[in-house]
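Read the structure below first, then the notes.
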Number of protein chains: 2
Amino acid sequence: MGTTKKELFSLEDNQVAAIAKAVGHPARVAILKQLARLDACVCGDLVDVLPLSQSTVSQHLKALKEAHLILGEVEGKNVCYCINKEVWEKAQSLLTDFFSRR
Amino acid sequence: MGTTKKELFSLEDNQVAAIAKAVGHPARVAILKQLARLDACVCGDLVDVLPLSQSTVSQHLKALKEAHLILGEVEGKNVCYCINKEVWEKAQSLLTDFFSRR
DNA sequence: CCATTTCATCGCTATATTGCGATTCAATAC
DNA sequence: GTATTGAATCGCAATATAGCGATGAAATGG
């Protein structure tokens, strides 16, 4: 318990849920918006923009990375994040389809 | 801590996050799909369709109701759930806009 | 009245999430 | 080499979530 019984649901339902879950926090929404806006990647400028500590922002970035919605590339001392275009488009179509029902 | 600092984010970011959070579980995805498919409302047939106990399904329905994505109407002994069309469309446009970035 | 059915809620356990400060590690700067 | 900077991770506390069985409350059936 406390654990989602993923095995019991369809792949698609799990995919939709996983994406939605990753987006389900205002900080992560804000991060994704920033990354979309800047098109090119950014790094820890995100920390400056967000009203959260560095460690907390790092956690959210990790969550988004685990959902494959973003990519992080090391550039010397910095890490450059950007939207994972492929997965983003997949997510877009999954969610669009989902909400187009009815 | 353990609590999202919603105050620190924009209304829109919070709205997007709240909807995504509600959708962020495969059981709730499955419920919403069913309700969309049956167009007309259903009741505890949902429990039969889902691989979860009645109490757990009830919890998920509560979560969806709190996100205003669904409506529940008492009909004698039964409760009839259906998608909240207005909010659903709002959610659709919010999420579509969100994913249309970039 | 009592029994049954339908659903919500309580009470509990297990696990996950959010947040932060402190620490660590790698890369640069000196 | 040491110092500094950027970012991930650790460790912790507070809270939230997922799941279930049991109990409750309202409506129907007798």
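Reminder, nothing fancy here: chain letters follow the sequence lines and each chain counts from 1. Keep in mind that the numbers below use all heavy atoms, side chains included, and drop hydrogens, waters and symmetry copies.
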Between B:E86 and B:K90, is there a salt bridge with N-O shorter than 4.0 Å?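 B:E86 and B:K90: not salt-bridged.
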First and last nucleotide of DNA chain D, 5' to 3', lying under 4.0 Å from heavy atoms of chain A: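 First-to-last contact on DNA chain D, by the 4.0 Å heavy-atom rule, is D:dT5 to D:dC20.
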Nearest atoms (heavy-atom pairs only) where [X] meets [Y]:
X      : Y     : answer
B:A63  : B:R28 : CB-CD, 4.1 Å
B:S100 : A:Q92 : CA-NE2, 3.7 Å
A:C41  : A:Y81 : CB-O, 2.6 Å

Can you run down the side-chain hydrogen bond (donor to acceptor under 3.5 Å, both in side chains) pairs that involve residues 15-25 of chain A, sequence neighbours left out, and say none if there aren't any?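 Found A:H25-B:T4.
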Spatial distance of atom [atom1] ([X]) from atom [atom2] ([Y]) [nearest 0.5 Å]:
X     : Y     : atom1 : atom2 : value
B:N84 : B:E89 : CG    : CD    : 9.5 Å
A:I83 : A:I31 : CD1   : CD1   : 11.0 Å
B:L94 : B:I19 : CG    : CD1   : 4.5 Å

Please find the earliest and latest nucleotides of DNA chain C, in the 5' to 3' direction, that have an atom within less than 4.0 Å of any heavy atom of chain A.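 Endpoints of the contacted stretch of DNA chain C: C:dT13 to C:dT28.
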List the atom pairs, with distances to 0.1 Å, where a side-chain N or O of residues 43-55 of chain A and a protein N or O form a donor-acceptor pair under 3.5 Å, not counting sequence neighbours.
unit_1	atom_1	unit_2	atom_2	d
A:S53	OG	A:S55	OG	3.3
A:S53	OG	A:T56	N	3.3
A:S53	OG	A:T56	OG1	3.0

Could you go through residues 64-78 of chain A and list every donor-acceptor pair under 3.5 Å that involves a side-chain atom there, pairing it with any protein atom two or more places apart or in another chain?
none

Which of [range] sit near DNA chain D, with a heavy atom under 4.0 Å from it?
range                     : answer
residues 60-75 of chain B : B:H60
residues 2-25 of chain A  : A:G2, A:T3, A:T4, A:K5
residues 51-58 of chain A : A:Q54, A:S55, A:S58

What residues form a side-chain hydrogen bond (donor to acceptor under 3.5 Å, both in side chains) with B:K33, not counting sequence neighbours?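 Partners of B:K33 by the side-chain hydrogen bond (donor to acceptor under 3.5 Å, both in side chains) criterion, ordered by chain and then number, come out as A:E12, A:D13.
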Please enumerate all residues that pass side-chain hydrogen bond (donor to acceptor under 3.5 Å, both in side chains) together with B:S58, with sequence neighbours excluded.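 Counting only residues at least two positions away or on another chain, B:S58 forms no side-chain hydrogen bond (donor to acceptor under 3.5 Å, both in side chains).
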Using ring-ring contact (aromatic ring centres under 6.0 Å, His included) as the criterion, list what pairs up with B:F98, not counting sequence neighbours.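 B:F98 satisfies ring-ring contact (aromatic ring centres under 6.0 Å, His included) with A:W88 only.
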Using a 4.5 Å cut-off on heavy atoms from C-beta on, say whether the side chain of A:V23 contacts that of B:F99.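 Yes; the side chains approach each other to less than 4.5 Å.
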Using side-chain contact (heavy atoms from CB on, under 4.5 Å) as the criterion, list what pairs up with A:T3, not counting sequence neighbours.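 Applying side-chain contact (heavy atoms from CB on, under 4.5 Å) to A:T3 gives none.
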